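What follows is one structure encoded as structure tokens, with my remarks underneath.
Owing to the predicted nature of the structure, the values given are computational and were not obtained by experimental measurement. For the numbers below, each heavy atom of this structure counts, side chains included, while hydrogens, waters and symmetry mates do not.
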Amino acid sequence: MSNKVKQSVVDSVFDSLVSESSHRVIKSLGIIRKACENELEKGRLNFTIASIGRLSESMGGPKEQAIRNKTNSGKVYRSLIKAYATTYQPKKEERVGILESYEDVLAGVEDHKIRIRMLNLSS
């Protein structure tokens, strides 16, 4: 999925949330959106509630606890963060290619005693 398509997915979620929210929540959504965009610009892709909450708070938006709250506004904030996370974070299949196979890891172990123990653990 291209970045343009990803951005349009997030934009549609944002627009949907804004259409159902009060003025105060809309303002906070804008700040959370800026926090998520800052993460994207820095290439971090860390869309956890804790991380976005800290960034949002530093920008005058809702704190981490307000985002976690079981209120309607907390649910809206989490929905926007989840949209960024599911849209921009790599899928599990994409991350698997980075990892070496178990056999490759075993081949890299020079101590034969450790290699044998690892083989016994894997069986």
Side-chain angles (χ1 to χ4, degrees):
M1 191 180 331
S2 73
N3 281 339
K4 199 172 192 178
V5 173
K6 289 178 181 180
Q7 189 60 47
S8 69
V9 169
V10 172
D11 288 344
S12 65
V13 170
F14 179 79
D15 293 340
S16 171
L17 294 172
V18 164
S19 69
E20 304 168 359
S21 301
S22 68
H23 179 67
R24 180 184 58 80
V25 173
I26 292 170
K27 181 181 174 192
S28 295
L29 279 172
I31 293 171
I32 290 172
R33 184 180 192 178
K34 285 180 188 175
C36 291
E37 291 295 327
N38 284 348
E39 285 293 284
L40 281 175
E41 289 172 11
K42 293 177 182 174
R44 287 200 200 130
L45 305 181
N46 183 7
F47 299 109
T48 61
I49 293 173
S51 174
I52 299 302
R54 281 191 298 275
L55 286 171
S56 170
E57 182 181 5
S58 72
M59 302 166 121
K63 299 178 182 179
E64 175 185 350
Q65 187 57 50
I67 296 170
R68 289 189 189 279
N69 284 344
K70 301 288 182 198
T71 60
N72 211 22
S73 58
K75 183 179 178 183
V76 170
Y77 302 150
R78 289 190 305 276
S79 296
L80 181 59
I81 294 169
K82 185 175 181 177
Y84 272 93
T86 56
T87 304
Y88 284 100
Q89 287 181 332
K91 307 289 185 259
K92 287 184 180 179
E93 302 87 47
E94 294 173 10
R95 288 186 264 168
V96 170
I98 297 171
L99 301 176
E100 296 181 58
S101 70
Y102 192 70
E103 290 79 22
D104 292 340
V105 172
L106 280 175
V109 176
E110 293 179 19
D111 187 341
H112 69 281
K113 291 179 184 179
I114 294 174
R115 193 175 327 120
I116 291 170
R117 283 188 181 177
M118 289 176 70
L119 281 170
N120 289 338
L121 288 175
S122 68
S123 352

> In terms of hydrophobic clustering (I, L, V, M, F, W, Y; side-chain heavy atoms under 4.5 Å; direct or indirect links), are F14 and L45 co-clustered?
Replying inline: yes
>> Count I, L, V, M, F, W, Y as connected when their side-chain heavy atoms are under 4.5 Å apart, and connections chain through other members. Are L17 and I31 then in the same cluster?
In response: no
>> Tell me every residue that passes side-chain hydrogen bond (donor to acceptor under 3.5 Å, both in side chains) with S12, counting only those two or more places apart in sequence or in another chain.
In response: none
> Which pairs with one or both residues in residues 21-73 pass ring pair (Phe, Tyr, Trp, His ring centres under 6.0 Å), sequence neighbours excluded?
Replying inline: F47-Y84
Atom [atom1] of [X] and atom [atom2] of [Y]: how far apart are they, to the nearest 0.5 Å?
X	Y	atom1	atom2	result
K82	T87	NZ	OG1	11.0 Å
R33	I26	CZ	CD1	12.5 Å
E41	K34	CD	NZ	11.5 Å
N72	S21	CG	OG	7.5 Å
I81	I49	CD1	CD1	5.5 Å

>> When you measure from the side chain of R68 to the backbone of K63, do you find a donor-acceptor pair of N or O atoms at a distance under 3.5 Å?
In response: no
>> Donor-acceptor pair, distance only, cut-off 3.5 Å: does the side chain of S56 make one with the backbone of P62?
In response: yes
>> Can you tell me which residue among I67, L29, V25 is in a side-chain contact (heavy atoms from CB on, under 4.5 Å) with S73?
In response: V25
>> What I'd like to find out is whether the side chain of E20 reaches to under 4.5 Å of the side chain of S16, using heavy atoms alone.
In response: yes
>> Less than 4.5 Å apart, side chain to side chain, heavy atoms only: is that true for E57 and Q65?
In response: no
> Which pair of heavy atoms, one from E39 and one from S51, lies closest together, and at what distance?
Replying inline: OE1-OG, 3.9 Å
